[in-house]
Amino acid sequence: MKPYLFVIGDVHGQLRLLEKLLKDYDPKYHQLVFIGDLIDRGPESVACMRLAKELVESTQAIYLKGNHEDYLLRFLNDPETIFDRYLVNGGQATIEGLLHKGATLEYSPTEMALMIRSKEKELIRFLKNLPYYYEWHKYLCVHAGVNLALTHWQETSHHDYLWIREAFHHSPNQTGKTIIFGHTITQVLADDNQSLELWQSDQKIGIDSGATYGGALHGVIFDATKLIQDISYKNYTDIWTGER
């Protein structure tokens, strides 16, 4: 086991910020974990996803499934039902990154899904097999959270690993783990609409500060007992304001 854990928050296509964070990544010493949601909303969604995949394959990084990776898979499986909702949630950046700019206006949802499934078989297999959580010493990394009402948190449903919010944030953490999560931005967790700091409460650490909305992308480093460094970069240039 490597001596340090390096966890990166929800990237959402912000390749420039991701590349800045990765300058501090040393695969010899860091176990790298992507908390999920590499894709959608941001302009370089596919490049971020492919970079994370490459690091999984070359340095044993961990890429956790986020609700947006799941959204892409659901679109590919049921395009006519999912397309409109996926577009509203930023899927255009990913679909057009996998095909070409303007594809969402040029083709039907079924045609786009067929083309992606045909040309991206390896990538789709990779996404389908992404883990839902990762344990390292006393830390538990997960995209959205776990069901703390369960006797055994490992029985959390796949849906809750990807989507849970208030029921996780406001329930007592009796898992014995420090839970590192993304999905809900720190501005909401802090109830101030502006905080770019990590959110910490009851051995839970929220690391998504809305990088794609003009917030910040965090890379948080831990040793076996404590948080030792938070590296973050503010997004000043590309702010997602809605469907594109």
* Heavy atoms, side chains only, cut-off 4.5 Å: are Leu5 and Ile180 in contact? -> yes
* Asked: Is there a side-chain contact between Leu127 and Met49 (heavy atoms, below 4.5 Å)?
  -> yes
* **Lys177 backbone acceptor or donor facing Asn173 side chain under 3.5 Å** => yes
* Checking Thr156 side chain against Asn147 main chain: does a donor-acceptor pair fall under 3.5 Å? -> yes
* Asked: Do Glu69 and His143 have side-chain atoms, one donor and one acceptor, less than 3.5 Å apart?
  -> no
* Structure fact -> Here the gap from Gln200 atom CD to Ile205 atom CD1, rounded to the nearest 0.5 Å, amounts to 4.5 Å
* **Heavy-atom side-chain proximity of Pro27 to Leu32 below 4.5 angstrom** => no
* Asked: Can any side-chain N or O of Gln14 pair as donor or acceptor with the backbone N or O of Cys48 at less than 3.5 Å?
  -> no
* Got Leu148 and Ile179 here, is their nearest side-chain heavy-atom distance under 4.5 Å? -> yes
* Given side chains that start at C-beta, do those of His183 and Trp163 come closer than 4.5 Å, heavy atoms only? -> yes
* Asked: Side-chain contact, heavy-atom cut-off 4.5 Å: Val46 with Glu96?
  -> no
* Asked: Do you reckon Leu76 sits in the same ILVMFWY cluster as Leu114, going by side-chain contacts under 4.5 Å, direct or chained?
  -> no
* Please assess Met1 against Gln31 for the test side-chain contact (heavy atoms from CB on, under 4.5 Å), listing each intermediate value before the final yes or no. => CA-CA 8 Å; Met1 187 175 284; Gln31 175 57 62; over 6 Å; no
* To do: Can you sort out the partners of Glu166 under side-chain contact (heavy atoms from CB on, under 4.5 Å), two or more places apart, ordered by chain and number?
  => His170
* **Minimum heavy-atom distance Asp208-Ala211, with the two atoms named** => OD1-N, 4.4 Å
* Asked: Does a side-chain heavy-atom distance below 4.5 Å link Val11 with Leu17?
  -> no
* Report yes or no: do Ile82 and Ile95 belong to one cluster of Ile/Leu/Val/Met/Phe/Trp/Tyr joined by side chain heavy-atom distances under 4.5 Å? => yes
* What are the two closest heavy atoms between Tyr133 and Leu64, and how far apart are they? -> C-CD2, 3.6 Å
* Asked: For Glu197, does the CD atom sit with more than 12 other heavy atoms under 6.0 Å from it, leaving out its own atoms?
  -> no
* **Same apolar cluster: Leu22 and Val7, side chain cutoff 4.5 Å** => no
* **Exceeds 12 heavy-atom contacts within 6.0 angstrom, atom NZ of Lys119** => yes
* To the nearest 0.5 Å, tell me how far Ile124 CD1 sits from Leu72 CG. => 7.5 Å
* Asked: Ignoring hydrogens and geometry, is there a side-chain-to-backbone donor-acceptor pair from Thr186 to Ser195 under 3.5 Å?
  -> yes
* Structure fact -> Here the pair of heavy atoms bringing Asp40 nearest to Ser45 is N-OG, 2.9 Å
* To do: With ring pair (Phe, Tyr, Trp, His ring centres under 6.0 Å) as the test, would you mind laying out the steps for Tyr4 and Tyr29 before giving the verdict?
  => CA-CA 6 Å; Tyr4 301 105; Tyr29 296 102; 7.1 Å; no
* To do: Mind listing the closest non-hydrogen atom pair of Thr110 and Pro79 along with its distance?
  => CA-CG, 3.8 Å
* To do: Check whether Tyr86 and Leu98 end up in the same hydrophobic cluster, where Ile, Leu, Val, Met, Phe, Trp and Tyr are linked by side-chain heavy atoms less than 4.5 Å apart.
  => yes
* Asked: In terms of hydrophobic clusters joined by side-chain contacts under 4.5 Å, are Tyr139 and Ile8 together?
  -> no
* **Donor-acceptor side-chain pairing of Arg85 and Tyr71 below 3.5 angstrom** => no
* Structure fact -> In this structure, CD of Gln229 is separated from CG of Asp24 (nearest 0.5 Å) by 6.5 Å
* Atom CD1 in Ile207, atom CG in Leu217: separation rounded to 0.5 Å? -> 8.5 Å
* Side-chain donor-acceptor pair under 3.5 Å between Tyr213 and Asn235, yes or no? -> no
* Asked: When rounded to the nearest 0.5 angstrom, what distance separates CG in Leu55 from NZ in Lys53?
  -> 11.5 Å
* NE2 (His100) with more than 12 external heavy atoms under 6.0 Å -> yes
* Dump the intermediate steps for side-chain contact (heavy atoms from CB on, under 4.5 Å) on Lys65 and Leu73, then the final yes or no. => CA-CA 11 Å; Lys65 184 176 286 186; Leu73 292 172; 4.0 Å; yes
* To do: Output, in order, the C-alpha distance, side-chain angles, deciding distance and verdict of side-chain contact (heavy atoms from CB on, under 4.5 Å) for Leu189 and Phe181.
  => CA-CA 12 Å; Leu189 294 167; Phe181 68 99; 3.9 Å; yes
* To do: Could you give me the CA-CA distance, side-chain angles and deciding distance for His218 and Leu21, then say whether side-chain contact (heavy atoms from CB on, under 4.5 Å) is met?
  => CA-CA 8 Å; His218 288 273; Leu21 280 183; 5.9 Å; no
* Quick one: pull up CG in Leu140 and CD in Gln203 and give me the separation to the nearest 0.5 Å. => 12.0 Å
* **4.5 Å side-chain heavy-atom contact, Arg50 and Leu123** => yes
* Under the 3.5 angstrom rule, does the side chain of Lys234 hit a backbone N or O of Leu196 as a donor-acceptor pair? -> no
* Using 4.0 Å as the upper bound for N to carboxylate O, is an ion pair formed by Lys23 and Glu19? -> no
* Is atom CG of Asp192 surrounded by more than 12 heavy atoms (other residues, nucleotides or ligands) closer than 6.0 Å? -> yes
* Considering all heavy atoms, the nearest Phe75-Met112 contact -> CZ-CB, 4.3 Å
* Determine, step by step, whether Trp136 and Phe222 satisfy the ring pair (Phe, Tyr, Trp, His ring centres under 6.0 Å) criterion, reporting the C-alpha distance in whole Å, the side-chain angles of both residues, the deciding distance to 0.1 Å, and the verdict. => CA-CA 10 Å; Trp136 189 87; Phe222 303 82; 7.9 Å; no
* Asked: Hey, is the main chain of Asn67 close enough, under 3.5 Å, to the side chain of Asp37 for a donor-acceptor pair?
  -> yes
* Atom of Gly66, atom of Leu162 and distance for their closest heavy-atom approach -> C-CD2, 3.7 Å
* Asked: Just by modelled atom types, is the Thr178 backbone N or O under 3.5 Å from a matching donor or acceptor in the Lys138 side chain?
  -> no
